[in-house]
Trainee: 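If you scroll down you'll find the structure; I have some questions about it.
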Number of protein chains: 2
Amino acid sequence: MQDRSDSRRTDRIREALEEMIVEGRFADGERLDEVSLSKSFGVSRTPLREAFQALASSGLVEIRARRGTFVRFPSLEDVVEMFDVMAEIEALCGRYAARRLAQADRLAMGDALRACEDAASIPDVEAYYRANHDFHAAIYRASGNRFLANEAERLHRRLKPFRRLQLRVRGRIPESLAEHTRIFEAIVGGDEAAVSCELRRHIAVQGDGFADLVAGYRAAVTGAKGAARARRPA
Amino acid sequence: MQDRSDSRRTDRIREALEEMIVEGRFADGERLDEVSLSKSFGVSRTPLREAFQALASSGLVEIRARRGTFVRFPSLEDVVEMFDVMAEIEALCGRYAARRLAQADRLAMGDALRACEDAASIPDVEAYYRANHDFHAAIYRASGNRFLANEAERLHRRLKPFRRLQLRVRGRIPESLAEHTRIFEAIVGGDEAAVSCELRRHIAVQGDGFADLVAGYRAAVTGAKGAARARRPA
DNA sequence: GCACAAATTCTTGCATACAAGATTATTGAC
DNA sequence: GTCAATAATCTTGTATGCAAGAATTTGTGC
């Protein structure tokens, strides 16, 4: 978001751990050992513990008092719930954007849409993935509500590993691009109802999308190191 | 939410500081001094710093690297934005609740509504305030989406100081109660559109409500110790 | 061989010491 | 007297040590 010099070890480690968790380098329920991790990062336990706190607040790990810190994969049910909420948040952003679109935001969305088209025509999944994020982020900002935009960005980030797997589904990219185009046009046209409807459908997990998500979820979970070895008690 | 033994000093201090900030015991932009606070709490800087991290993640303070931790009042604009989002989140909870209301949730909402009626008939502002929270929390849970319920609860909490001031506005309580009754009936009746509409209007800052909010906001900000002495740079 | 209790070991929570960056005060040139 | 450069001070960031709670192992009785 901001420039944040990130000279602190705490920040560096938080980012590294976040990446590792999202990439599935730990198993679900695995305990993150302060001592061994601090050794492998070459720092003391202090910045590590601070990083744990930050990760806990974004839901990636769970700190249990005097027990330790455990990586927490959302359950399939959790993921479905999060996508439901994401769809509504996106629809809300889109509605606001359609209502009060500023010139600068329109240009940003247009640029991002063009980047999507370029990536889809190659096709380059990684590039599309990035362009997809930029397009959605542009909609968040176009909502004109910074608080909403931040919340949307946060949730988008949290769903990152699952969305990524969805995009790999055969034929999903052209479809996604077509939806983007319709969304963009509806926003520019100021058609709130259409934007809301299109975005909800674009994000929502329903029909075939649900099967894709389940497949993607299983891949993400079993792909993670060791996989669901230790299930959490709660 | 859970039982959380909270035997840790970090948790105790986080709660205490949260309360102090929300109650306006610090000025906007005031730096929270680690040394003097740790002395006044009778602990070392370590648990204090961990508490700061937690407060930062809920937006109550801002940690600037190597500068310190500063209490951050949301601006009036921020508050309006948050209420806008809150209204939509609540409407979403209500819609879900109307669609798939479970018996247990219906009873919980009914109990909370009755508590609102009791508090309004005395009238007891503090009791109404608590019952109001319980009623809304019951709707969140009735949504059947735990993630959504958690997010709603989080945002509700963040808006606590401003809502409290709104309720003090003359004649607001009977009006609020009438709205609650309509909301409850619409949910039980399964009328999604009506629930959505009623909840949005119940929460939203518009018309007279905006003037009330502005007045309440000014009271909250100037009521806080010293008030807007040091404005933040950004 | 099993169950339960005691002791040992391990891990986290907290305090404290030290290092490094930021801030303020001081000195000197003009 | 003003400005800039430098020194002194203060504050945060990190490392380390110690204490207390949790987990594990060992020992004992049956």
Side-chain angles (χ1 to χ4, degrees), chain A residues 2-18 20-21 26-57 60-72 226 229-234, chain B residues 2-18 21 26-57 60-72 229-234:
Chain A
Q2 280 109 305
D3 61 303
R4 50 174 61 254
S5 46
D6 271 16
S7 54
R8 299 185 301 180
R9 302 180 213 259
T10 297
D11 297 327
R12 189 168 53 82
I13 287 163
R14 181 185 52 69
E15 281 164 22
L17 283 175
E18 188 172 310
M20 287 170 80
I21 293 170
F26 300 105
D28 185 21
E30 184 172 348
R31 181 172 134 267
L32 297 180
D33 187 66
E34 294 182 1
V35 177
S36 59
L37 277 173
S38 64
K39 265 181 200 149
S40 81
F41 279 114
V43 300
S44 78
R45 286 170 48 221
T46 309
L48 215 90
R49 286 173 58 85
E50 292 197 348
F52 285 173
Q53 296 257 0
L55 293 173
S57 78
L60 266 64
V61 305
E62 184 180 357
I63 299 177
R64 308 234 294 281
R66 285 176 225 287
R67 299 288 162 81
T69 300
F70 303 83
V71 322
R72 179 189 167 108
R229 192 155 33 91
R231 286 302 300 174
R232 60 179 165 283
Chain B
Q2 279 109 304
D3 62 302
R4 52 173 62 254
S5 47
D6 270 18
S7 53
R8 299 185 302 180
R9 302 177 212 258
T10 297
D11 297 326
R12 189 168 54 82
I13 287 163
R14 181 185 51 70
E15 281 164 23
L17 282 176
E18 189 172 310
I21 293 170
F26 300 105
D28 185 21
E30 183 172 347
R31 179 171 136 268
L32 297 181
D33 186 65
E34 293 183 1
V35 177
S36 58
L37 277 173
S38 64
K39 264 182 200 147
S40 81
F41 279 113
V43 299
S44 79
R45 285 171 50 220
T46 309
L48 215 92
R49 286 174 58 85
E50 294 195 349
F52 284 174
Q53 295 256 3
L55 293 173
S57 79
L60 286 156
V61 305
E62 185 179 357
I63 299 176
R64 308 234 295 281
R66 285 176 222 288
R67 300 287 163 82
T69 300
F70 303 83
V71 322
R72 179 190 165 103
R229 189 157 34 92
R231 286 301 300 175
R232 59 181 167 282

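Please read all numbers here as calculations on a predicted model, not as lab measurements. Side chains included, hydrogens not; waters and symmetry mates left out as well; all remaining heavy atoms used.
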Trainee: Return the value, rounded to whole Å, for the distance between atom CZ of A:F70 and atom P of D:dA22.
Mentor: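 Between P of D:dA22 and CZ of A:F70: 13 Å.
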
Trainee: Hey, does the side chain of B:R31 come within less than 4.0 Å of D:dT12's phosphate (OP1/OP2), counting only N and O?
Mentor: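 For B:R31, the contact criterion (side-chain N or O under 4.0 Å from OP1 or OP2 of D:dT12) is met.
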
Trainee: Which pair of non-hydrogen atoms, one from A:V61 and one from A:F52, has the smallest distance, and what is that distance?
Mentor: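 Of all heavy-atom pairs spanning A:V61 and A:F52, the closest is CG2-O, 3.8 Å.
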
Trainee: Residues from residues 35-45 of chain A sitting under 4.0 Å of DNA chain C, heavy atoms only?
Mentor: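 A:R45 - these, ordered by number, are the residues of the stretch whose heavy atoms sit under 4.0 Å from the strand.
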
Trainee: Should A:R9 and A:D11 be marked as a salt bridge (charged side-chain N to carboxylate O under 4.0 Å, His left out) after you check the CA-CA gap, both sets of side-chain angles, and the distance that decides it?
Mentor: CA-CA 5 Å; A:R9 302 180 213 259; A:D11 297 327; over 6 Å; no

Trainee: What is the separation between atom CZ on A:R66 and atom P on C:dT12, rounded to the nearest whole Å?
Mentor: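 In whole Å, C:dT12 P and A:R66 CZ are 12 Å from each other.
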
Trainee: Tell me the interatomic distance from B:R49, atom CZ, to C:dG13, atom P, rounded to whole angstroms.
Mentor: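 Rounded to the whole Å, the gap is 17 Å.
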
Trainee: Can you check the B:E30 CD to D:dT11 C1' distance for me, whole Å?
Mentor: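 Going from CD in B:E30 over to C1' in D:dT11 covers 16 Å.
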
Trainee: What heavy-atom pair brings A:A54 and A:R14 nearest, and what distance separates the two atoms?
Mentor: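 In this case the closest contact between A:A54 and A:R14 is CB-CD, 3.2 Å.
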
Trainee: Looking at A:P47 and A:I13, what are the two nearest heavy atoms and their distance?
Mentor: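 Minimum heavy-atom contact is CB-CD1, 4.4 Å.
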
Trainee: For A:F70, is the NZ or CZ atom of A:R64 found under 6.0 angstrom from the centre of its six-membered ring and inside 45 degrees of the ring axis?
Mentor: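 Yes, A:R64 sits over the ring of A:F70.
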
Trainee: Nearest-Å distance, CD1 (B:I13) to P (C:dA15)?
Mentor: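 Rounding to the nearest Å, CD1 of B:I13 and P of C:dA15 are 8 Å apart.
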
Trainee: Rounded to whole Å, please give me the gap between CZ in A:R67 and C1' in D:dT24.
Mentor: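 After rounding, the reported distance stands at 14 Å.
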
Trainee: Which one, C:dG13, D:dG13, D:dT14, comes nearest to the side chain of B:E34?
Mentor: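 Given the options C:dG13, D:dG13, D:dT14, the side chain of B:E34 is closest to D:dG13.
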
Trainee: Any heavy-atom pair between the side chains of B:V43 and B:R12 that's under 4.5 Å?
Mentor: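 They are in side-chain contact.
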
Trainee: Using a 4.0 Å heavy-atom cut-off across all strands, classify A:E50 as base, sugar-phosphate, or nothing.
Mentor: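 Here A:E50 touches no strand at all.
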
Trainee: Below the 4.0 Å mark, does C:dG13 have OP1 or OP2 next to a side-chain nitrogen or oxygen of B:T10?
Mentor: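 For C:dG13, OP1/OP2 do not have a side-chain N/O of B:T10 under 4.0 Å.
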
Trainee: Rounded to the nearest angstrom, tell me the gap between atom CG in A:L48 and atom C1' in C:dT12.
Mentor: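 Distance, rounded to whole Å: 13 Å.
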
Trainee: Counting side-chain heavy atoms from CB outward, which of D:dT14, C:dT11, C:dC14 is closest to A:R9?
Mentor: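 That would be D:dT14.
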
Trainee: What's the CZ-P distance between B:R64 and C:dA22, to the nearest Å?
Mentor: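 It works out to 12 Å between those atoms.
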
Trainee: What is the minimum heavy-atom distance between A:T10 and A:E50, and which atoms define it?
Mentor: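 The pair with the smallest heavy-atom distance is OG1-OE1, 3.2 Å.
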
